[in-house]
Protein chains: 2
Amino acid sequence: MTRPPTPDLTGLPDRELLKLDHQVCFSLQAASRAFGGVYREALRDLGLTYPQYLAMMVLWEHGPLPVKTIGDRLHLDSGTLSPLLKRLESAGLVRRERGPQDERSVTVHLTDSGAGLRERALPVPRSILRATGLSVQEVLDLQETLGRLTASLGRAG
Amino acid sequence: MTRPPTPDLTGLPDRELLKLDHQVCFSLQAASRAFGGVYREALRDLGLTYPQYLAMMVLWEHGPLPVKTIGDRLHLDSGTLSPLLKRLESAGLVRRERGPQDERSVTVHLTDSGAGLRERALPVPRSILRATGLSVQEVLDLQETLGRLTASLGRAG
DNA sequence: CACAATTGAATTGCGCACAACTCAATCATG
DNA sequence: CATGATTGAGTTGTGCGCAATTCAATTGTG
């Protein structure tokens with residue numbers, strides 16, 4: 001019943017492979033959506049969705065940034081970020097300016113309102129972490145595994 | 001530098017919590033999206049998206065099922081499933097019938113074309129699992145952790 | 001039996017993710 | 001310096017996920 005650390009996957013029967021890989025991606029998405037639900041509730045008062053919260057966090061941490069840089073950090077392209085930032089802008093949290101040196105680039109600034117929102121967002125991480133029910137070590141292990149997984153999948157795809 | 005297995009989370013500073021929880025959900029979504037990319041490529045020839053593939057797998061495994069049952073298995077509601085099944089139907093893979101005993105229920109059947117697609121889908125799981133770069137044991141551990149995580153988050157949200 | 005509550009599907013609306021494309025600004029090469 | 005390639009944003013279209021609503025069918029209760 002013990003398995004070698006790197007078993008010969010090609011030797012496993014198709015239906016076992018099917019179960020394994022199905023459940024990995026499936027349980028990954030299940031966890032991801034469960035997070036979404038918890039964040040949705042935690043961010044409701046702030047009027048932010050989770051992706052919007054991520055964008056705000058990048059700005060809270062690094063100050064004004066070009067759209068391109070935000071996209072690099074969040075692994076999102078302009079097709080996702082442009083409308084998202086537009087919503088943040090119409091919510092009055094953010095302001096966009098064409099860069100003077102490179103007129104293709106648009107730099108995103110926090111407004112006073114956007115900067116002030118940080119205070120109200122501070123308790124969110126704690127409530128989320130507590131909701132996971134995981135120990136810190138489990139969180140670290142999970143991240144390590146997910147990091148390798150994403151890297152492998154990225155190279156493959 | 002060593003930590004107890006279940007540390008007192010309330011004792012950690014805010015900014016450390018912030019990093020931890022941020023990266024968990026973030027790396028979860030990153031892995032989930034990386035999977036999406038790999039599946040997208042693997043399923044391109046079949047003309048299926050990953051959620052459509054999941055629905056087909058349920059039908060391949062269990063035969064004709066009511067929409068409700070498919071939704072329970074995939075954790076999807078009718079708002080997501082109805083249009084998805086409609087697309088599968090217009091692709092000729094699936095047929096929908098009102099149940100005679102309960103006229104609210106709609107049972108989804110595979111067409112011959114839909115059943116035949118299973119053959120072409122068989123090599124997909126193997127290529128996906130290989131792309132993960134994880135050992136079988138790591139896959140099992142990951143699933144276990146994700147299962148607990150999802151359960152905790154579900155209870156919390 | 002009548003009527004209220006519940007259930008199963010579908011629809012609408014919103015936001016995210018991604019592909020494909022447009023367009024202007026910038027860069028690189030000859 | 002002129003021209004072709006590349007880059008940064010934005011737009012369009014498709015599909016997923018979720019909330020909220022609608023509607024008919026069914027169930028439960030008095």
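Reminder, nothing fancy here: chain letters follow the sequence lines and each chain counts from 1. Side-chain atoms are counted along with the backbone in the values below, which use heavy atoms only and exclude waters and symmetry mates.
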**Q.** Closest contact, heavy atoms only, A/Arg96 versus A/Ser82
**A.** NH1-O, 4.1 Å
Q.
Whole angstroms only, please: what is the CZ-C1' distance between A/Phe35 and D/dG17?
A. 18 Å
Q: Answer whether the closest heavy-atom distance between the side chains of A/Leu142 and B/Leu149 falls below 4.5 Å.
A: yes
Q: Considering non-hydrogen atoms only, spot the tightest contact between A/Gly114 and A/Trp60 and give its length.
A: O-NE1, 3.0 Å
**Q.** Flag side-chain contact, heavy atom, 4.5 Å: A/Leu48 against A/Leu93
**A.** yes
(Q) Between B/Asp102 and A/Leu84, which residue's closest nucleotide on DNA chain C lies nearer the 5′ terminus? (A) B/Asp102
Q: Would you mind reading off the distance between B/Arg33 atom CZ and C/dA19 atom C1', rounded to a whole angstrom?
A: 15 Å
Q: Indicate, with a heavy-atom threshold strictly under 4.0 Å, whether B/Ser105 touches base, sugar-phosphate, or nothing.
A: sugar-phosphate
**Q.** Contact list for DNA chain D against residues 54-81 of chain A - heavy-atom distance below 4.0 Å
**A.** A/Pro66, A/Val67, A/Lys68, A/Ser78, A/Gly79
Q) Is there a side-chain polar atom (N or O) of B/Arg96 under 4.0 Å from OP1 or OP2 of C/dA10? A) yes
Q: Rounded off to whole Å, could you give me the CD-to-C1' distance for the B/Glu103 and C/dT6 pair?
A: 18 Å
Q.
Go nucleotide by nucleotide along DNA chain D from the 5' end; which of A/Leu85 and A/Arg40 gets its closest nucleotide reached first?
A. A/Leu85
Q. In whole Å, what is the span from the CG atom of A/Leu48 to the P atom of C/dC14?
A. 18 Å
Q. Atom CD of B/Glu41 to atom P of C/dC18: distance rounded to whole Å?
A. 14 Å
Q.
Under 4.0 Å from OP1 or OP2 of C/dG15: is there any side-chain N or O of A/Lys86 that close?
A. no
Q | Nearest-0.5 Å distance that lies between atom CG in A/Leu85 and atom CG in A/Leu76 | A | 9.5 Å
Q. Can you check the A/Leu88 CG to C/dG15 P distance for me, whole Å?
A. 11 Å
Q. Rounded to whole angstroms, how far apart are CZ on B/Arg98 and C1' on D/dA25?
A. 9 Å
Q: Taking the side chain as every heavy atom from C-beta outward, state whether A/Tyr50 and B/Gln29 have any atom pair closer than 4.5 Å.
A: yes
Q | A/Ser82 side-chain proximity, nearest of C/dA17, C/dA9, D/dT11 | A | D/dT11
Q.
Once you apply a heavy-atom cut-off of 4.0 Å, does B/Thr49 come out as touching a base, just sugar-phosphate, or nothing?
A. sugar-phosphate
Q) Given atom CZ of A/Arg104 and atom P of C/dA25, what is their separation to the nearest angstrom? A) 10 Å
Q) Distance-only, no hydrogens or angles: does the B/Ser32 side chain make a donor-acceptor pair with backbone N or O of B/Leu28 under 3.5 Å? A) no
